[in-house]
Amino acid sequence: MKSFTIVPAARLVGEIAVPGDKSISHRAVMLASLARGPTRVTGFLPSEDCLCTLRAFQALGVDIEVEDPTTLSIENRFHRLFPPREALDCGNSGTMMRLIAGILAGQPFRSRLVGDASLSKRPMGRILEPLERMGAHIRAEGEKETPPLALEPAELHGIEYELPVASAQVKSCLLLAGLHAQGTTRIVEPSPTRDHTERLLVHFGVRPLREGRALLIQGGLSLEGRDFCVPGDFSSAAFWIAGAAAMPGSEIRIRGVGLNRTRTGLLGVLLRMGAQIEESVEEASGEGEPRGSLLIRGGKLRGTQITKEEIPNLIDELPVIAAIASLADGETQIRGAEELRVKESDRIRCMVENLRRFGVPVDELPDGMIVEGGHPIRAARVSSFGDHRVAMACSILALRADGRSRIDDVGCVDTSYPGFSKDLHKLSQAAVESAPGWKDYLSWVQPSPKTSGGEQEPRRPVVAVDGPSASGKSTVAKALAKALGIAYCNSGLVYRAITWSLVDKGVDLDREQSFKSAVRSMKLECRIEENELHVRIDGKEVGQEVRSPAVNAAVSRVSASPWLRKRLLPLFRKLADDRALVMEGRDIGTAVFPGTRFKFYIDADPKVREQRRQKQGESDSIEERDWEDRSRKAAPLRCAADAVFIDSSRMTVEEVVLRMLEELRKRGFPLPKESSVS
Ligand SMILES: O=C(O)C1=C[C@@H](OP(=O)(O)O)[C@@H](O)[C@H](O)C1
Ligand SMILES: C=C(OP(=O)(O)O)C(=O)O
C-alpha cells in the first residue's frame, strides 16, 4: 500500500498551476458527449475519477480521442448513446455515478453502474427518489439504497422538486435527466451549490432559467459541441492556499485556478482567520468559468466559526480547514456539515481521529467538529481511510509536526490530484516519498536540531559521517580516517558495549528504572589508541561480543533512549578535545557535533544495501530499520542541512572517499599533504 512520508517544513514557497478541475472535467466530458458536433476539451483532469467518466462515454459509443492526457477530442457522431456491453465503472466517484445516472435514466436501453468499496457505501436514495418521480426505472442493488444501480429503459417527464439536501450532484443529475424529459423540470435548492452544470449547459447552447432558488430546464433541447478549457481545480489548490496561509513566512502563487464563487468559500473563511490573500480574476468571460491567480502569504491565523450556510461552497475543503484550524490560535467550530459523513469516507470521524493522532484536541459533533488550535503538532502515523482529501489534508498538517509523519494508503490521491506529492515536494522542499522508498532521501535535508554545547565548532576538526544501515558509511569512514591519518570512532560501538553489559547483567530493558540505575552504576571508559576507539566497561575492554545476536536484538532499544543519548553526548564530544577524528553514527552531524563544518551523509538504494548485508552473511530488513531510525523520537536519522549527501549505490569505496576528500579540501579541512586512499 502506498504511503507518504512527510518531513516537516517551515513554510511553502513557490508558484504552481494545479491540475484541471474534477467537477468540471466530469461535466465537460458528459455534455460534450451529448452534444452534436465536435468539442475539444483542454485542461482535462486525467485523474482516476475523471478517467472513469471518459471510459464510460467511450463505452456508450462516443468518440473520445485522448490527444494528450489533458486534451480530449469528443464527438458523438451518431447523435445518440449506445447500450454499454458491461457495467459502467464509476470507481470512487460520487459525482460520476449521480450525474451519469441522470443521463442514463431516460435512455431506451438498460445500464448498470458500479463503484469501488467506498462508493458502494454512499447514499443514492437522494437521486433515486426524484428520478423515479420523473418516470425512471432505477434500482439500487446495495443495502439502504447504495450502489450498484440498475437502470431499465424509460421515458421521463418533468417534475417540480425541492432538494432536501444542498447537493450539486443531485441538482446536476436532475438537470441532465430534465434535458431528456418531456416538459419542464423545476429544481429548488435549499441553498446555492456549485453551478458548473448550469454554466456548461449555457456553453453548449442550452440555458436553464433561474427563478430565485429555482432552476428550470426544458426537455428535448439539443446541445451544440464547442471547445472548452477546464480551469485549475480550486479544491486541489485549497491544500496550498490553506497550508501557505497558516505557515508564517510562506509565499505562493497559484496560476490558472478556477475562481467560481460557488466554490471559493474557503477564501472567505481564511480571510476571517486573518490570512493574507490577493485574488486576481483574469478571465470572467460572461457565463463561462472564472479563473485567475491567487497570491497567498503566510501568517498566524486565529480560529473561526463555520456555519451551515457556508458549507456548500467549501464542502470539499473542510478536511484541510480542520487541518489548518489546528495551527491557528484558539478554537474553530465547524457546524452544519453532516454531509461530510457520506463522502469518500466519514470525513468528520476520520479527520477527528487523525487530528487526535497529531496531538490536536478536537471534539467530534454530529454535524462537524470543534478544533482547539495552537498546540504543538506531534509527528504521527495516520491513515487516509481511503479518502483522497483526508490524505492531502493530513499531509499539509504533517508539514508542521515535530518530526517525520507517515500517511498510509495514499493511492486514493490519484482520484483527484495525481502529482500532489510532487507539488508538495516542490512547494515545501520537504520530502514526500512512497515510503520507505529511496529517491527522495536527498530532500530529507533538515536544519540541525539545536543541542546544548554542540553548536560551536569542536576544538579539533571532526568529520561527521552519518547514514542508514548498510549504506557503506563504516567502510568509507574508516578508509577516510586512514587516508587522513586521524582517529576513527564509531558511536555505535559505545551503544553496543553498553547493551552488551546490560544484557550480560540480565537487566530488564523494559523497566526504565533498572535500565537507568544499571547504566549509572556502569564504569564506562572510552579512549583512543592508535587512532582507534577502545571501550571499557567496568574495567573490561569490550571486543567481538558486542556483535553477538543478543546484542543485535537489543541495541536498537538501548540506543533509542533519549536519556542515554543525552548522557553520552559529553563523552563523545570529549573525544575531540585533543585530536582530530572521523566519527561515524546516525546523529553525529545533527546532534553530537552539529557545529562541525565537515559533515557527510552516506546513503544507497535500499536494494543495494540489502545485497551488501547479504554479502556480509547477514539478513536485515533494511526498509523497516530505516523507518525506525528515521521516526524515533530521540535524535532521529536525518541528513543535516549542511551535510554533503553521497549516494554510494554505484560508487566504489575509493570513489566515495575521494569525493569526501575533495569536499573536505573545499571546506578548508587541514588535509595532510599526501592524502592516500587504500
Ligand atoms: O457536483 C459536484 O461535482 C460535487 C458536489 C459535491 O458533492 P455533493 O453534491 O454531494 O455535495 C462535492 O462534494 C463533490 O466533490 C463534487
Ligand atoms: C466528494 C468528492 O467527490 P465525489 O463525491 O465525486 O466522490 C470529493 O472530491 O471530495
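Counting from 1, the numbers follow the sequence of the chain as shown. Just so it is clear, the structure is predicted and the values come from calculations on it, not from any experiment. Both counts, for ligands and for their atoms, begin at 1 and track the order of listing.
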For this session: Check each atom of ligand 2 against the heavy atoms of R389 and keep those under 4.0 Å away; list them by number with element.
Result: 8 (C), 9 (O), 10 (O)
Problem set entry | ligand 2 contact on T95 by region, counting heavy-atom pairs under 4.0 Å | both
Exercise. Looking only at heavy atoms of R27, does any of them come nearer than 4.0 Å to an atom of ligand 1?
Worked result: yes
For this session: May I ask you to check if ligand 2 and M96 share an N or O to N or O distance below 3.5 Å?
Result: no
For this session: Check the surroundings of atom CD in Q182: do more than 12 heavy atoms from other residues, nucleotides or ligands lie under 6.0 Å from it?
Result: no
Problem set entry | Minimum non-hydrogen distance to atom 9 (O) of ligand 2, winning option of E339, K22, E317 | K22
Exercise. Does H196 approach ligand 1 within less than 4.0 angstrom via side chain, backbone, both or neither, non-hydrogen atoms only?
Worked result: neither
Problem set entry | Element-labelled atoms of ligand 1 that are located less than 4.0 Å from some non-hydrogen atom of S23 | 2 (C), 3 (O), 4 (C), 16 (C)
For this session: Assess R226 against F228: is NZ or CZ under 6.0 Å from the centre of the six-membered ring, and within 45 degrees of the ring's axis?
Result: no
Exercise. Quick one: which of E344, R98, K343 has a heavy atom closest to atom 8 (C) of ligand 2?
Worked result: E344
For this session: State the atoms of ligand 1, each with its element, that fall below the 4.0 Å cut-off from a heavy-atom position in K343.
Result: 6 (C), 7 (O), 8 (P), 10 (O), 11 (O), 12 (C), 13 (O)
Problem set entry | Minimum side-chain heavy-atom gap L131-L174 below 4.5 Å | yes
Exercise. At a 4.0 Å threshold, what atoms of ligand 1 neighbour a non-hydrogen atom of S167?
Worked result: 8 (P), 9 (O), 10 (O)
Seminar exercise, completed: The answer for which part of K171 has a heavy atom under 4.0 Å from ligand 1 is neither
Exercise. Is ligand 2 less than 4.0 angstrom away from at least one heavy atom of S93?
Worked result: yes
